[in-house]
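Notes for the one structure printed next.
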Amino acid sequence: CSGSPLIHVNLPKRNICLVLPYSAPAPRLHVPESVLRMFKEQEEQEAPPDESEKHGGRLRTFPHERGNWATHVYMPYVAEEDFQGLLQALLCCARTYVPSLSPLPEFHISLSQVVVLRYHWIAPFVQSLKERLRSVSRFICRADQVKVYTNQTKTRTFLGLEVSSGYSKLSELVSEVDKVMEEFSLATFYKDPSFHLSLAWGLGDLSEALGGQRLQELQETVDGFEDSSSFLRIPGTEVRCKSGNKFFSFPLR
Ligand code: AMP
């Protein structure tokens, strides 16, 4: 205790008195840049906040927590002019029954549920997807059957085009993606998936409002749309994974 003042601590129950060395508080040290940068990296690990106004008030089905990254695996579809024309025709028809229906900003065929990854799992998760998907060969599928979907909590409804060909190749992709999900103890995809391109969405369960005769009418719009059989052929050349605001691409063989 060379020279430091001593403090006395009384432990009442046992009637013991300890004598401990006491040091005056040290002056505040300068924090090196490298240490300050460590905290910047920690901020980076925080998933971006859910700005629901940017996606039209759609609700998360799980609460946002620090360090949780919403992650989704899918096959992208690049919409050309003709497809946008068909989308407008379908919206025009569907809005006579559900005026609140909004077009989606981008199109894809989901190959996974939206799962939650911790930041440090993103890199190994992506690596595992890369290894499993690289041996799957390219293919073509067709999405031309109008169908209405709701999410599991029935808080959103989607007007979509279900695939009528390419089901086995899409199932092959899902089986690879599911293996990765299992490796990370995450939810696998639907056991009986209905592969589709979602085109538009609305809040709540709108399946009755868009069902029956109305669905038939929407199907006739697709069948009668010029050239739809050609632009609804979807090239399966790439799988993507979105985790928070990060995108990863996996080209197929
Ligand atoms: P997506 O456009 O892929 O996000 O799908 C729209 C919604 O369809 C999601 O909320 C899914 O949960 C829902 N969905 C309902 N049933 C199925 C199914 N059998 N296969 C795939 N997606 C489904």
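If you read the sequence from its start, that first residue is 1, and numbering goes on from there. First listed ligand is number 1; within each ligand, the first listed atom is number 1.
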inquiry  = Test side chain to side chain contact (heavy atoms under 4.5 Å, CB included) on T155 and L203; report intermediate values, then the result.
reply    = CA-CA 6 Å; T155 52; L203 279 177; 5.9 Å; no
Write out each pair where an N or O from ligand 1 and one from the protein are under 3.5 Å apart, with the distance.
residue	atom	partner	partner atom	Å
ligand 1	2 (O)	S198	OG	2.5
ligand 1	3 (O)	S110	OG	2.5
ligand 1	5 (O)	H196	NE2	3.0
ligand 1	12 (O)	Y190	OH	2.4
ligand 1	14 (N)	Y190	OH	3.3
ligand 1	19 (N)	S194	N	3.4
ligand 1	20 (N)	S194	N	3.0

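- Taking the six-membered ring for Trp and thresholds of 30 and 60 degrees, F231 and F225 have ring planes more than 60 degrees apart, a perpendicular arrangement.
- A side-chain donor from one of E238 and S249 sits under 3.5 Å from a side-chain acceptor of the other.
- Using cut-offs of 30° and 60° on the angle between ring planes, the pair Y119 and W69 is tilted.
- Residue pairs that meet the salt bridge (charged side-chain N to carboxylate O under 4.0 Å, His left out) test with at least one member in residues 161-176, sequence neighbours left out, are K147-E162, K169-E172, E176-K179.
- In summary, the side chains of T150 and D205 do not present any donor paired with an acceptor at a separation below 3.5 Å, with no hydrogens or angles considered.
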